[in-house]
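Report on the structure given below.
No hydrogens, no waters, no symmetry mates; every other heavy atom, side chains included, goes into these values. When a residue number appears, it is its place in the shown sequence, counting from 1. What you see is a predicted model, and the numbers here were worked out from it, not measured in a lab.
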Amino acid sequence: MTTPHPTASPPYRITPPRILRAEWHKLRSLRSTWITVISAVVLVLGVGLIMGATYTSGGGDSDVDTVVLSLYGSMLAQIFLVVLGILMTAGEYATGMIRSSLTAVPARLPVLWAKAVAFAATVFTVMLATSVVTFAAAQAFLHDTDQAASFTDPGILRALVGNAGALTLTGLLALGLGALLRSVPGAIGAFIGGVMILPEILGMLPYDAVERAIMYFPTQAAGALGSATPIPGTISPGPALLALSLWAGTTLAAAALTLKRRDV
């Protein structure tokens, strides 16, 4: 009989790659993932084709940035990706699956980080490909209009990447809310109220400082990232990326603290 070397690693040692692989398997095996991601892709592509096919030069949208015009569907797609992010975390609390996940990984935090990485990699890859295809398809209709553009034009590629990045970071913010609140309805309500409605309410206040602060809210920062040309009343892409990253990072950090301190 062969005696194992005393320093040999256990055959089923928990490692970050294995945790990530497990979370990736859960993500791709859920029906909700396919429904939300496909819905987001169809919305972006479908709305982009409609905008391109119905556009006429000199109309009411002639002053809209060409990337924003082509990717109008991203505003609707964001809703599906937010739901997906919340379901990845709060959904497990609803089904009780989180107990199995944390029993397998007692350290807890690697589970949250693996969920965030699997979600970010999936959403960014899919939405970047969708943004590029949608822009190219829309330009097939816009090539002889005042919205004609190409991938080599200044700011176009940055805006396409920025749009995918904005959708990814917004989804990560929602994922963090799901882990923090541990309730699907609660996290969706918090996102709608805090991210979508609150800036509109604050915008009614007649204070310059408030108006300036609103520019750094997630939705407003996301809009700045997905535009090839500066949008009046928004911050530049660099600060917008930093602001959106801080929103997502802070929410995930709060979720990590809660996960570490609270019982399941």
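- Closest heavy-atom contact between Pro106 and Ile14: CD-CD1, 4.2 Å.
- Partners of Arg262 according to the side chain to side chain contact (heavy atoms under 4.5 Å, CB included) rule, which considers only residues two or more places apart in sequence or in another chain, are Arg182, Thr258.
- Thr234 is not listed as a side-chain neighbour of Met215, based on a closest heavy-atom distance of 4.5 Å or more.
- Checked by atom type and distance alone, the side chain of Arg108 never pairs as donor or acceptor with a backbone atom of Leu102 at under 3.5 Å.
- Summarising the geometry of Gly178 relative to Ala90, their closest heavy-atom pair is O-CB, 3.6 Å, with the distance given to 0.1 Å.
- Proximity of a side-chain donor or acceptor of Thr145 to a complementary backbone N or O of Phe141 within less than 3.5 Å is not detected.
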So Ile188 and Ile86, side-chain contact (heavy atoms from CB on, under 4.5 Å) or not? Walk me through it.
CA-CA 7 Å; Ile188 292 176; Ile86 291 172; 3.6 Å; yes
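- Put simply, the side chain of Thr66 reaches to within 4.5 Å of the side chain of Ile156, judged on heavy atoms.
- Annotation: ring pair (Phe, Tyr, Trp, His ring centres under 6.0 Å) contacts involving residues 242-263, sequence neighbours excluded, comprise Phe217-Trp247.
- Atom CG of Leu246 is separated from atom OG1 of Thr251 by 10.0 Å, given to the nearest 0.5 angstrom.
- When the side chains of ILVMFWY residues are joined at heavy-atom separations under 4.5 Å, either directly or via intervening members, Ile79 and Phe191 end up in two distinct hydrophobic clusters.
- Proximity of a side-chain donor or acceptor of Arg158 to a complementary backbone N or O of Ser227 within less than 3.5 Å is detected.
- For residues 129-153, no pair satisfies salt bridge (Lys or Arg N to Asp or Glu O under 4.0 Å), with sequence neighbours left out.
- Residue pairs meeting the salt bridge (Lys or Arg N to Asp or Glu O under 4.0 Å) criterion with at least one member in residues 237-253, sequence neighbours excluded, do not occur.
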Quiz: residues 114-137 side-chain donor-acceptor pairs under 3.5 angstrom, not counting sequence neighbours:
from, atom 1, to, atom 2, distance (Å)
Lys115, NZ, Glu23, OE1, 2.9
Lys115, NZ, Met88, O, 3.2
Lys115, NZ, Glu92, OE2, 2.5
Thr122, OG1, Ala118, O, 2.8
Thr125, OG1, Ala121, O, 2.7
Thr130, OG1, Val126, O, 2.7
Ser131, OG, Met127, O, 2.7
Ser131, OG, Asn163, ND2, 3.1
Thr134, OG1, Thr130, O, 2.7

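- Nearest approach of Gly194 to Pro199, heavy atoms of both residues: O-CD, 3.8 Å.
- Of all non-hydrogen atoms in Ala190 and Leu181, the two that sit nearest each other are CB-CD1, 3.7 Å.
- Taken from CE in Met196 to CD1 in Ile201, the straight-line distance is 12.5 Å, to the nearest 0.5 Å.
- Rounding to the nearest 0.5 angstrom, the gap separating the CG atom in Leu225 from the OG1 atom in Thr168 is 10.5 Å.
- A continuous path of ILVMFWY side-chain contacts below 4.5 Å connects Tyr207 to Ile214, so both sit in one hydrophobic cluster.
- Leu241 has its side chain within reach of Leu169: a pair of non-hydrogen atoms, C-beta onward, lies under 4.5 Å apart.
- Looking only at side-chain heavy atoms (C-beta outward), Leu27 and Leu84 come within less than 4.5 Å of each other.
- Within the structure, side chain to side chain donor-acceptor pair (under 3.5 Å) contacts touching residues 30-47 (residues at least two apart or in different chains) do not occur.
- Under the 4.5 Å side-chain contact rule for hydrophobic residues, Val161 and Val68 do not share a cluster.
- The hydrophobic cluster containing Val82 also contains Ile197, counting ILVMFWY residues as joined when their side-chain heavy atoms lie under 4.5 angstrom apart, directly or transitively.
- In this structure, Ser70 OG and Leu49 CG are separated by 9.5 Å, a value rounded to the nearest 0.5 Å.
- Here the closest non-hydrogen pair linking Ala77 and Ala40 is CB-O, 3.6 Å.
- A continuous path of Ile, Leu, Val, Met, Phe, Trp and Tyr side chains, each step under 4.5 Å between heavy atoms, connects Leu172 with Val111, placing both in one hydrophobic cluster.
- Taking OG1 of Thr219 as the reference point, atom CG of Leu198 lies at 10.5 Å (rounded to 0.5 Å).
- At least one side-chain heavy atom of Leu173 sits under 4.5 Å from a side-chain heavy atom of Pro218.
- Nearest heavy-atom pair, Gln139 versus Ala149, reported as atom, atom and distance to 0.1 Å: OE1-N, 2.8 Å.
- In this structure, CG on Leu112 lies 6.5 Å from CG on Leu175, to the nearest 0.5 angstrom.
- Residues Leu69 and Leu142 are in side-chain contact: their nearest non-hydrogen atoms beyond the backbone lie under 4.5 Å apart.
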